[in-house]
Structures are given as C-alpha cells and as structure tokens.
2 protein chains.
Amino acid sequence: MIKRTTLADIAKAANVSMMTVSRAINNKPGLSDELRQHILSLVEEMGYRPNTFARGLATSQTTTIGLVVPDNTNPFFAQIARGVEDAAFENLYNIFLVNTNEDAVRETAALETLWQKGIDGVILCSSRLSGQALEYQVQRFPAIVLVNRELKQSHANLITINVNDHRSAQRVLQHFMGLDRRVIAYIGGPANSFSNQRRLDGYKNGLRSAEIPYNPQLVMSTQPTTEGGREAAAVLLRRRPDVNAIFAYNDLVAVGAMQMCQELGKRVPEDVAIIGVDDIPLATIIRPQLTTMHVPLTHIGRLAMRALIDLIAGEGSSAAYQIEPELFIRDSA
Amino acid sequence: MIKRTTLADIAKAANVSMMTVSRAINNKPGLSDELRQHILSLVEEMGYRPNTFARGLATSQTTTIGLVVPDNTNPFFAQIARGVEDAAFENLYNIFLVNTNEDAVRETAALETLWQKGIDGVILCSSRLSGQALEYQVQRFPAIVLVNRELKQSHANLITINVNDHRSAQRVLQHFMGLDRRVIAYIGGPANSFSNQRRLDGYKNGLRSAEIPYNPQLVMSTQPTTEGGREAAAVLLRRRPDVNAIFAYNDLVAVGAMQMCQELGKRVPEDVAIIGVDDIPLATIIRPQLTTMHVPLTHIGRLAMRALIDLIAGEGSSAAYQIEPELFIRDSA
DNA sequence: TACTGTTACGTTAGCGCTAACTCAACACAA
DNA sequence: TTGTGTTGAGTTAGCGCTAACGTAACAGTA
C-alpha cells in the first residue's frame, strides 16, 4: 500500500500554509492565479488525493449516497441501479448498494448503517416500511428520494418518483378492448405492494369504463417471478378456461403466465392475449415477444440521482414525479 | 436531520472518560463488566451511533469495500454482486458499487475515487486493465480480489477467483461427442476477454482429443449479448450450414444463437445442439430450456467477499481459486 | 517491608481537513 | 494625513474518534 500524500506535504513543498493549498484544490478564492497554478501542478506531481474521511469529518459532507433496493438481481432494480450509478459517476458521487430482500427488518438495518456512514442522501426503492417508519427515516436523512412509494405528508427534503400505475392499467385494458377481449384477468403481485394496489385500481376502473362487471375470480395475487406467473396462470386457467386476456403485474409474471398458457394448449396471442409491465430485456428475448407497458427504468434511476443531488445542494424542493409508461405493442397481444 | 450523539455526550452522562466509553462500545478489555453494561445501556438510551468518519480517520479502517463490475445489469454480474452484498451485510461491511461499462478509462477512474474513499479492499470483476495497470492497482490497495482475471505475479494482498474455462469447454465438447455431433462451432465473446481465450483453448483441446481437426471457419467472435449471438449464428449458418452443435460464450449468446437457428428453420436440439455457459435465470425461462455449464455465481460473490475480509484481517493469504462449473443438461443439447 | 504485576481507568496527542477569524500590504478617496 | 476597502495570505480551533502511554489502587510474593 502506498503512503498517502497529505495537504501538509503539499503545503511544505509549496512553502505556503495548508489553508492556501486547501483553497487551491477546492477552487475557492483567496489566492493569486499564479500561486494556484503552482500548487495544482505540485498536487499533480506529488499525486496528492484528498482524504475523504478527513474532509467528511470537517465538513460533514461525503459525496456518497445510499441506494436501497429489494434485490439488485431483479432486472427492474438492476436497470434503475444502473441509471443511478451512471448519473452518480457523472457527478462524482459514489453509491452504497444495499439489498433488503423485501424484508422490512433488513431494510431498517440497512438504513441504520447507511446513516452511520453519514451519507448525504438515500434513494429508497419499493420500500416495505410502514408509513410511520418511513416518516422517521425521511426526517433523519439530509435528503431522500422514494422510488415506487408515496408518502402522505410532503417534506422539504423528500422527492418521490412513481410510475403512473393507474393509467398504465387503464391503457392495458383499453388495448384489450380494442382486441375485443372481454374476459380479462389480472395476475397481481404481492398484496403488500403499493404499485400492485394501484394497478388493481386501474384494472377495476378500466373494466368499469367498458361496463364489464368486476369479478374477483379473475384476479390473482402471486410472487413477482416467472414461477409465480406460472402457478397463478395454472390456477386461473383451471378456474376460468374462458379467459382470453391476461394483464400481468410485471414482465416476469407475464412470461411465466405465457408459458403456462402454451403448456396448457392455449395459443398466445390467439387464444389468450398477454400484457406485462416494465419492458425488461427479457420481453424482447422471449418468443412471442412480449407486449408490455414500457417503463423507462434507466431514466428513472438517473432522474432519482439528479433529484437527490439537487436536494442535497438545497436547490431541489419537495416534489412528486409521475412517470407515464407507454404501451409497446409486440407479439403477445 | 437529527443532531448526532457523540462519544463525549455519553462520557459526560456516564461521568467517565471518552476512552472508557470507546472501550465499552468496541468490546475491548480494560473496564469492569458492570461499568460496561452501564455505558452500553446509556448508549442505547441516548441513541448513540459512532461516526464512521471520525473512526475512519483515527484508524484508517472503514468497513467498506468497493465492488467494480462492467455492468450490474448483466445477470452474470448481478448475481455475483448479490452474493457479495449478502456476505458483506452479514459481516457488517458496506459496498460501493461502480460500473465500468467495459471501459478501461472508466475503470481506472472508478478505482481512483474508490482509493480516495480509503476503502479496505476491492473486488474487481472482469477487469479490462492491462497487466501493468492491474499490478499498480494491486499494490495500491490494502486488499484485492480479482474475479475472472488472473495475474502472473502473486501478491500477499491478492486473491483471484476464476472459473475453470478450459475444463468447462472440454466438458461441453465431450457432451457433444456423446451426442455424436462432430461439426461443432464456437461462438466466442469479445477477443480481449480472458475467459474467452481460455474457452477457445479448451475448445481446441477438446477437438484434438476427439481427433477432429480445428477449423477457424467454425469459430466466431461477437458481443456477449443475445443480439451478438443472433448475428454470429446467422453468419455462421450461412457459412457452414452443416453445423450441428454450437458452444456459446455465455447463455445470452446461446439464446440468441438458438433463436436464429430456429428462425432459419433449424430445430434445436435435433438439427443443432446448443450449450451455453453461466446458467443465468434466463436459461430455464427460455424454451427449449438451455443446456449450460452451471457456474455458481452467487457462491462466487460470497466467496469473493469472505476472501477479501480474510485478506483485510491479515488472515488470508495469496490464493487462486478455481471454480469448477458443472454441466446442467436440459433441452437444448 | 519492599518489590512486582495486574486491573481499571484517565490523559495526551493526533488522524487530515476546513470554517472562521486575523492580519499585513496596498490602493484610493476625502 | 487619515480613514476605508480589498486582496492574499496565515493562524487557530475543532470535527469525533482511538492508539499509546500514564497512573492509582490493590494483590501477591520473597
């Protein structure tokens, strides 16, 4: 390991005070351009890099944020994380990545250690915390961005980013209507998921607009995985073999449902039309290619990071972004 | 934001010196159990959490490591990252995640900022750095684990973890032989990839054992994506329509190749047998399910993290782990 | 009794940096 | 000449913590 060059080393070499060096490297006024150039060249030459701990201790600012996701393996969060990381890199921020495994206890523990690290802010995705616990976290961190979650009260240091699930579901139903499908099932995600609730509302709403009565038999709840989609579809098709359209919680569920349909002898999209949500890479890999509500995941990640930076800088203000997904019509519906 | 409780606050409340409190919370000897208990209860009560910056500055130890991957969106790295993160969480470590986008310049920049943060160690996956640049990084960090990359010289603070690509390729060829396939193509990854080189060697070796002459016409090089697999397979099948087995660089390439085969009227596995490497989730989602060399990715991640922790603690020593993949026979071969 | 070790603490100093203040030198106006 | 800014530095203090050393009190040994 290399011994680090410190501010003091530079100061000695330049025969000035540490403060002058500090001003030079932080681009602050108070010294002649000539001297600044001289110091900067010494910095370069001696390979000086500021110690982030010392700086953090002195300023109580790190250029570090926390990114909390249920599972970075899930393409949905992987894409968001990538967007966050890209924007962070461009702005010289570093990110702590933590998985919560959809577990509120682990999520709390993660936020605890992040807080100890004194980070500047958090991007919290699909939080499973209760409203109260979330309020606590919001007021303890300097800045926080909530993705896929809302909060009743607004806070000066809080920004939320949500997909317009309600309209998303309505758009899907509208497309099914255009295809003349009337027996439309909804294979939803975990019951405690907020976006699931909103999509279900949108689904009911869409039915109402088309004057189709809502039938609980056509609504399932399952894990947001292909396996979950398979199981739910199996149960659904046994219960209601006349189903001719499925709106799935996400693409993973949609793919699972699609395969189960095919295994049970249904053709997709001829017999059963299927639409997912998210537009993960798998959607275009699978055959037939999946019709889905495209959600700009990387964009959301970048947006979250930029919003957080503004919040940290005190330039942003409380806001609630709504992301409007777009229907990408491919082969499954 | 909440004003933090400091060591001094606790010390004052307990009417002891800060050092005694420090000893109590760090579980070090030098005070009575009674006093320790009293202090710990005060810590609990007053909600004290040590400031990591101050501690880092005083000890030059963070409990933080860097995880550098080409792209966290790639299921291969996502799985590894998940393993790393899980092991880190269990050991109370935090991880900085950085993407390099397969770009050596960005990789260097990433390592630079990580070094500034004074992290305890790095897990560097599929590094694109030159041997020389890598040597430099190895000697600058306290501890480093290289995944999917080797280094000629060994270092006391370095551990490498590699998949046995050579044997992997041989195993694939052996399986093809068992299926009586003799016109075997290799669709490789980027030319500058090390594992690609090793797999190609294994491929050649496997051919030699079977006394099949090596034919460059049957070897392609492409991007490690489904799109890359599609393109390469299209070219390959035009050039050699008699190909009856394809060994793909990874599962993504295998899936792309499989789809192109099907689109060109070849049945998989009857006309063309296909085997990939990695066993990402997609392998069991796609139909026919992909026969592939299973690589225990999450396990590799956990192993990397544990090895790094040992290295940091000074308990580990230079080592080169070889991971032996296993052939998972499914439907594509 | 004097010496030696052990236990249970306290003191000092410093990690590397920056905020906030001080101060000298000079220019310029009244 | 005196007063008033302005510029370009330096000085001081402290962020919160811990390593290393110091020390008082007591027990055990010869």
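Each chain gets a letter, A, B and so on, in the order the sequences are listed, and its residues count up from 1.
Within the 4.0 Å cut-off from OP1 or OP2 of dC15(D), not a single side-chain nitrogen or oxygen of T59(A) is found. Remark: N26(B) is in phosphate contact with dT18(D), judged by side-chain N or O atoms under 4.0 Å from OP1 or OP2. Contact between the side-chain N/O atoms of S22(B) and the OP1/OP2 oxygens of dT18(D) is found at a separation under 4.0 Å. One finds a side-chain N or O of T20(B) lying less than 4.0 angstrom from the OP1 or OP2 phosphate oxygen of dG10(C). At least one side-chain nitrogen or oxygen of K28(B) sits closer than 4.0 Å to the OP1 or OP2 atom of dA19(D).
Regarding R36(B), its CZ atom lies at a distance of 12 Å from the C1' atom of dC9(C), rounded to whole Å. Distance, L7(B) CG to dG16(D) P: 10 Å, rounded to whole Å. The interatomic distance linking M19(A) (CE) with dA24(C) (P) rounds to 19 Å, in whole Å. One interatomic measurement links the two molecules: CZ of F53(A) to C1' of dC15(C), which rounds to 11 Å at whole-angstrom precision. At whole-Å resolution of the value, CG in N51(B) and C1' in dC15(C) are 13 Å apart. One can place CD of E34(A) at 15 Å from C1' of dT7(D), the figure rounded to the nearest angstrom. When the P atom of dT18(C) is taken as reference, atom CG of N27(A) falls 13 Å away, rounded to whole Å. In this structure, CD of Q61(B) is placed 17 Å from P of dC15(C), rounded to the nearest angstrom.
Using a cut-off of 4.0 Å between Lys/Arg side-chain N and Asp/Glu carboxylate O, R306(B) and D310(B) are scored as not salt-bridged.
Of the two residues near DNA chain C, A8(A) and R23(A), the one whose nearest nucleotide lies more 5' is A8(A). Between M18(A) and D33(A), the residue anchored closer to the 5' end of DNA chain D is D33(A), taking for each the nucleotide with the nearest heavy atom.
If you check dT18(C), dC21(D), dG16(D) against the side chain of A58(A), the one that comes closest is dT18(C). For L57(A), the listed nucleotide lying nearest its side chain is dG16(C); candidates were dC17(D), dG16(C), dC21(D). For Y48(B), the listed nucleotide lying nearest its side chain is dC17(D); candidates were dA9(D), dC17(D), dC21(D).
The side-chain contact (heavy atoms from CB on, under 4.5 Å) test with V122(B) is passed by exactly one of V138(B), L146(B), L111(B): L111(B).
Using a 4.0 Å heavy-atom distance criterion, L31(A) is classed as a sugar-phosphate-only contact. Residue P29(B) is classed as having no contact, given no heavy-atom separation below 4.0 Å to the nucleic acid.
Stacking of R49(B) on the aromatic ring of W115(A) is not recorded, the 6.0 Å distance cut-off and the 45° axial limit not both being met.
Within the 3.5 Å criterion, the main-chain N or O of S127(B) finds a donor-acceptor partner in the side chain of R149(B).
For the pair R128(B)/T100(B), no side-chain contact is recorded, criterion being any heavy-atom separation below 4.5 Å from C-beta on.
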